[in-house]
Amino acid sequence: MPRLRVGLAQLDLVVGDLEGNAARILDAYERAEGEACDLVAFPELAITGYPPEDLLLRPAFVAQAQESMEKVAARTGRAAAVFGYPLLERDLYNAAAVCANGKVHGVYRKHNLPNSTVFDEQRYFTASVTDGPLFNVAGTRVAVTICEDAWSPSGPIITQAAGGAELVVNINGSPYYAGRLRERETMLSTRAADASVPVVYVNLVGGQDELVFDGGSLVFDEQGQLMARARQFAEDLLVVDVDVRPAFRKRLLDPRGRWSAPPLPEVRVTDPQLRERAEPPRVEAVLAPVREVYEALVLGTRDYVVKNGFTDVIIGLSGGIDSSLVATIASDALGPDRVLGVLMPSRFSSEGSVSDAEALAANLGIRTLMVPIESAHSAFLEMLAEPFRGTEPGLAEENLQARIRGTVLMSLSNKFGGLVLTTGNKSELATGYSTLYGDMAGGFSVIKDVPKMLVYALARDRNEHAGRDVIPEAVLDKPPSAELRPDQRDSDSLPDYTVLDPILESYVEGDMSVTELEEAGFDAETARRVAMLVDRNEYKRRQAPPGVRVSPKAFGKDRRLPITNRWPG
């Protein structure tokens, strides 16, 4: 039972770019062969990118994906390649091909098809009920699984180990949310120890619409001990020498490792090769929780902009914390030369709204444009004077300013081609504290899944990371305000964010009812009011642009509630 050198090719792929994805797979494969790897593992559905969604309902797309898989297989050499693609037989399967020496040696079909949160795989695929063969790669019996298959304690890894597997390769398209890497490590450690088998876990990296895939590929030994970890939020080729002999001994000594199941069929893929020494495993450090979220936002923003063919972005800079954070993320994601900050003061703008925005822009090195909206605001008020006669100034007049600003930003986008990044956070989006066709107007919502208190934490973390106040301290210290009327504060319309955010987390992410919120200790009147605001503003969120998902339940695919809904909560 020899030592097996495994390459974990953690790639940033593009949904639908069949030719480009195949090229990236082959490039990483060649680098792994240069490292003398025996086996190279790639992410789930690597050929198509993940998730391909309803592209899978188009026969031509599936047929071309099959052709791309075959082209990659034809280019393989001595190292075995394991990569995901959609397999069309009588039904459509989420599959992994095992290839070497120019041909496909076998296929594994995914067992467990997730159909919750952002996953909708049962819409497209049929679940397999067979564990597939074992692939003899350089003298080691290797089993293959796909993503969700590893999460089931009684799933394929246990039965594959019982059937003789000496190593399990698990290929993934596992999206990020805060703390997800730690959850994966706990699960994989348990799975490897329970099955007495080393587990290789390779994950996708990159942004796809609202999803971010964080990489962080992993290797665990038969004891459930972490052997290696790849980088988070970046492409990586992690090369690990896995010795399967300790797993054999563990099975001899541990009754849990003695299986009475019949052996699985075996397919010979490649022959062993002599290797004098093992490479020391690489274990990348795990990012701190707030820094992890920040890197997810940067990667999600960069990939959304670049993969959709934009070069520049446009942001309305108000001098507030939200727009300051979005501008900073955009600058880190794309470079300051590709970010335009637009200052649009009104009669209600404080002096600090302009000076703080200018200070931020100078710190970041981004371009700015000043477009005062007073003349347009006055013209609209004059135009609406007769229809509004006899009414008190209120929300309509306030929102008019936001809609003028939205029009300015979208006009600049139309003229110069930059993508408008909106600046609303999750607390505002949840409660409807945003203006439809105003500050919600844009193409991508960077912090739509970031609660207000986390916005402050991210801003402070960015400053600490830089060793200076990139985001001016004045921005962090000022009371949050939309500045749409004299002396306006967010607290005029909403509970304090230290009170609001925990209620929103429990109601939106925890699916608690109003009664359960009260039983959990939240003020009854405040809880009822917040729940009413969340439910009443579902129609706004349906019209919001996509944005980076960083929580276990974001507004979008995760949370599908009816707009017309009379359940009181």
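For reference, positions follow the sequence shown, starting with 1.
Exactly one residue among Arg191, Arg180, Arg229 makes a salt bridge (Lys or Arg N to Asp or Glu O under 4.0 Å) with Glu185. That residue is Arg229. Considering Gln225, Glu222, Glu166 as possible partners of Pro198, the one that fulfils the side chain to side chain contact (heavy atoms under 4.5 Å, CB included) test is Glu222.
Not a single donor-acceptor pair under 3.5 Å links the side chain of Lys307 to the backbone N or O of Arg302. With hydrogens and angles ignored, the 3.5 Å screen pairs a side-chain donor or acceptor of Asn21 with a backbone N or O of Val14. Put simply, the side chain of Asp449 gets close to the backbone of Val550: a donor and an acceptor are under 3.5 Å apart. Panel note: side chain Thr270, backbone Ala138; a donor-acceptor pair is recorded below 3.5 Å. Remark: side-chain polar atoms of Tyr29 are paired, donor with acceptor, to backbone N or O of Ala79 under 3.5 angstrom. A donor-acceptor distance shorter than 3.5 angstrom exists from the side chain of Glu33 to the backbone of Arg78, with no hydrogens or angles considered.
Asp131 has no carboxylate O lying under 4.0 Å from a charged side-chain N of Arg109, or vice versa, which leaves the two without a salt bridge. The pair Glu235-Arg24 meets the salt-bridge criterion, since a charged nitrogen lies less than 4.0 angstrom from a carboxylate oxygen. Between Glu121 and Lys110 there is a salt bridge, since a side-chain N of the basic residue sits under 4.0 Å from a carboxylate O of the acidic one. Comment: Asp241 engages Arg5 in a salt bridge, judged by a side-chain N to carboxylate O separation of less than 4.0 angstrom.
Evaluation of the ring pair (Phe, Tyr, Trp, His ring centres under 6.0 Å) rule for Tyr176 yields Phe233 as partners, not counting sequence neighbours. The ring pair (Phe, Tyr, Trp, His ring centres under 6.0 Å) test applied to Phe83 returns no partner, not counting sequence neighbours. Contacts of Ser324 classified as side-chain hydrogen bond (donor to acceptor under 3.5 Å, both in side chains), with partners at least two apart in sequence or in another chain: none. Applying the side-chain contact (heavy atoms from CB on, under 4.5 Å) rule to Glu53 yields the partners Pro51, Tyr124, Asp209, Lys557; only residues at least two apart in sequence or on another chain are considered. Residues satisfying the ring pair (Phe, Tyr, Trp, His ring centres under 6.0 Å) criterion with Phe444, sequence neighbours excluded, are Tyr304. Take Thr145 and apply the side-chain contact (heavy atoms from CB on, under 4.5 Å) test, not counting sequence neighbours, and it matches Tyr108, Asp149, Pro156, Ile157, Gln160, Val168, Asn170.
Leu237 places none of its side-chain heavy atoms less than 4.5 Å from the side chain of Gln10. Side-chain contact between Asn203 and Arg184 is present, with at least one heavy-atom pair separated by less than 4.5 Å.
With 3.5 Å as the limit, one finds no donor-acceptor pair spanning the side chains of Gln232 and Glu295.
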* List the steps and the verdict of side-chain contact (heavy atoms from CB on, under 4.5 Å) for Asp312 and Val339. => CA-CA 6 Å; Asp312 293 15; Val339 180; over 6 Å; no
